[in-house]
Amino acid sequence: MAGGISDDDLRKVREASDLVSIVGERVPVKQRGRDFWCCCPFHQEKTPSCKIDPHSQLWHCFGCGEGGDVFTFVMKLDGLSFPDAVRSLAQRAGIELSDSGGPRVPNSKKARLKEVCAATAEFYHLQLMRSPAPEAAAARSYLANRGFGGEVPKRWNLGFAPGSGSLVRHLSAKRIPVSDMIEANVALKGRDGRARDRFYNRVMFPICDQTGECIAFGGRVVGSGEPKYLNSQETPLFHKSQVLYGLDKAKADMTATGVAIITEGYTDVIALHEAGVRNAVATLGTALTMSHIRIISRHAKKRIVYLFDGDAAGQRAADRALEFIDESMTPEAGRTRIELCAVTLPDDQDPAEFVAAHGADALRELVAGAVPLLTYGIERRLSRHDLATAEGRTRALTDALSVLAPIKNSLLAKDYAHQIADRCRAREEDALAMLARLRPPARAERQEALPSQGGGVRPGADGRAVPSVSEPSARIGQAESNRRRVERDFLCLCVRAPHLALAKADALVQTRWHLPVHEALARSIADTLAVRPSASSGEIVTAAAAIEPRAARMLTASSAREGVDDAVLAGYLAEELVIGDMEDAIEELRAELSGAAALSADERDLLFQSVVESQKQLRALKAAHKLPVS
């Protein structure tokens, strides 16, 4: 039982959750051979290196090394604990989990902090809806004046933070530790060492993750005061560069329309949704990031439209958005291309003001007319200069071409360079020469190094060999690197095809594993199948992960070999392990023989005969050891 979920329920959810379908809801997948491939959602890449095996229901990314089963995928993508991932998939499949009895105890720090946020949101909402205090009445009046009266506060779980320690007292009465309140950033430690409320006299906007669970808050001061808007600080749950306000409510319409609208405030999102434009989200006190774009592009497959306010702040945001121009916007990116567009609202209006004045259809028309970010950026740069003068045109040419620096080698950049040259009355060859001299901006992309899993190559999505992330073979020797790779491939095959693991159980328990982690994984696989011979691949991985945190990524790191039956491959790899063990045993006998001065003649002779006989058996085994390929 895990987190109050029975093994039977766990099995039901696993069997009802098709991994290919679930991954396909987040990123495009394409079948190649028996497997499906996609661009990994956990790191930025243009060539698919994430494999989904529909038979074993396991996935593995050969780019970043992550892998596992359907639960691992949902846990990592949505930032959930294992029990919460199971519950999320159960809800998706319409499975009602049996009650294990008694209150559920949070099984992770993130789960505890989510409970703090949920209790806080409930308290704030109650204060807004029922408190007779004049401050709460002022908060209700503010929302009503913005058009957020009636059922809007209930739909968005809006609230009011009275401050004065009322939240800390409320949460303390629910036996929530002060340390959790502080870590969730709903409370702060005062100078006297006592906890106090973080938010005071503010209209509260709960910020939810993609699944709709509250993870942070935004607060707007009632009346005068600074700062006008105050968001939660970074917490283990909340990272501003990766969270978008309203995504939990907007993702369905994003998927349906293929379009996402990005605004810059929570009130804009609420106003648009209430007006019927339900594919809008907002950044939270930060500029748009590549993480935001990657998250949105999982749902909006056609276009992402950045809706800029017409005021000065909105135009500064428009200039910052040009930082996101990269190769992903060019035709060369293929199906991974991201179409990021932009439009500025007229008359210095924000989205809420525009939709209130002109209606939802006018906004949709404006969004439909949004231009590609490249065009938008070039036009903004050209508009800064007086194209009626030679000096102005020269400056405009340099300024506009600089927008193309990140994609200067693409055909699209050259096409835009021709257009810029025409607008600035410059020769096309001069514009192209200037473009070629531009230096692309440096982009710091975080690369996650992985623990060594052995050497060799891994199969790419097109079947060609791609170097694996591994410990350099020169450091451990080629023979040892090959041995570790064979061990890993055999363990992965045992997980991918559990019936073959049963057939080769002797190899699991008798092999002299070269890596302790491989020995631990082999023992776990054997133990799981001994208790439950019909265990699925996912169940084997889950059991192994309980004793070895790296199990999911390690046990999914090998693919089926093209043209080789799994049963044949299992026999071949098992023989490889036997051959390796025999070679090790012979080396040990030789070492013992070389230091046999203290042995009698008979003992030395017996040892020598053992070496000879073992070598004979090894030669015979190697002679018959071939991998048939169909």
Side-chain angles (χ1 to χ4, degrees), residues 51 53 56 58-62 64-69 72 449-459 467-531 535-561 566 569-585 587-588 625 627:
K51 176 205 71 175
D53 185 335
S56 66
L58 299 176
W59 63 277
H60 184 85
C61 176
F62 293 99
C64 68
E66 294 292 344
D69 61 359
T72 313
L450 297 176
S452 169
Q453 306 300 334
V457 297
R458 54 91 172 173
S468 295
V469 177
S470 64
E471 185 175 349
S473 57
R475 187 179 305 171
I476 60 174
Q478 188 61 49
E480 177 63 17
S481 177
N482 289 340
R483 166 67 187 211
R484 295 182 182 186
R485 177 175 51 80
V486 170
E487 290 183 3
R488 181 203 63 203
D489 287 352
F490 180 72
L491 292 171
C492 289
L493 179 55
C494 286
V495 171
R496 190 168 69 242
H499 66 286
L500 296 177
L502 286 170
K504 299 297 177 183
D506 54 341
L508 282 172
V509 298
Q510 294 175 11
T511 296
R512 300 167 65 180
W513 302 97
H514 281 214
L515 286 178
V517 66
H518 288 171
E519 182 177 5
L521 292 174
R523 189 184 306 116
S524 174
I525 294 169
D527 289 346
T528 299
L529 290 172
V531 174
S536 68
S537 300
E539 288 171 324
I540 295 172
V541 170
T542 298
I547 63 168
E548 170 51 57
R550 294 171 292 172
R553 59 171 60 181
M554 294 179 71
L555 292 175
T556 58
S558 179
S559 293
R561 298 193 189 181
D566 275 348
L569 181 60
Y572 177 81
L573 292 175
E575 281 185 3
E576 280 274 300
L577 295 175
V578 170
I579 289 171
D581 285 354
M582 288 184 68
E583 289 174 337
D584 289 346
E587 287 301 316
E588 290 172 3
H625 181 59
L627 179 61

One should read off an interatomic distance between Arg553 CZ and Thr72 OG1, to the nearest 0.5 angstrom, of 11.0 Å
What closest approach, in Å, do Cys494 and Leu508 show between heavy atoms, and which atom pair accounts for it? SG-CD2, 4.1 Å
What residues, two or more places apart in sequence or in another chain, satisfy side-chain hydrogen bond (donor to acceptor under 3.5 Å, both in side chains) together with Thr542? Arg14, Asp69
Rounded to the nearest 0.5 Å, what separates atom CZ in Arg512 from atom CG in Asp581? 6.0 Å
State which residues pass salt bridge (Lys or Arg N to Asp or Glu O under 4.0 Å) with Glu539; sequence neighbours excluded, sorted by chain then number. Arg11, Arg532
Can you tell if the side chain of Ser537 reaches within under 4.5 Å of the side chain of Pro498, non-hydrogen atoms only? yes
Work out which heavy atom in Val509 is nearest to a heavy atom in Ala526; give both atom names and the distance. CG1-CB, 4.1 Å
Val517 and Glu548, any side-chain heavy atoms less than 4.5 Å apart: yes
What residues form a side chain to side chain contact (heavy atoms under 4.5 Å, CB included) with Leu502, not counting sequence neighbours? Leu529, Pro533
If you look at every heavy atom in Phe490 and Ala507, which pair is closest and at what distance? CZ-CB, 3.6 Å
Would you compute the distance between atom CD1 of Ile540 and atom CG of Leu491 and round it to the nearest 0.5 angstrom? 11.0 Å
Set of side chain to side chain contact (heavy atoms under 4.5 Å, CB included) partners for Ala545, sequence neighbours left out: Ala551
How far apart are the closest heavy atoms of Ala544 and Leu521, and which atoms are they? CB-CD2, 4.0 Å
Ala501 to Ile525 - nearest heavy-atom pair and separation: CB-CG2, 4.4 Å
Compare all side-chain heavy atoms of Arg488 with those of Met554 and state whether any distance is below 4.5 angstrom. no
Test ring pair (Phe, Tyr, Trp, His ring centres under 6.0 Å) applied to His499 - qualifying residues, sequence neighbours left out: none
Enter the distance from Thr511:OG1 to Glu576:CD here, rounded to the nearest 0.5 Å. 11.5 Å
Checking Gln510 now: which residues fulfil side chain to side chain contact (heavy atoms under 4.5 Å, CB included) with it, not counting sequence neighbours? Asp506
Enter the distance from Asp584:CG to Arg483:CZ here, rounded to the nearest 0.5 Å. 6.0 Å
Without swapping roles, check the side chain of Glu487 against the backbone of His518 for a donor-acceptor pair under 3.5 Å. no
Supply the atom-to-atom distance Arg496 CZ to Thr556 OG1, rounded to the nearest 0.5 angstrom. 10.5 Å
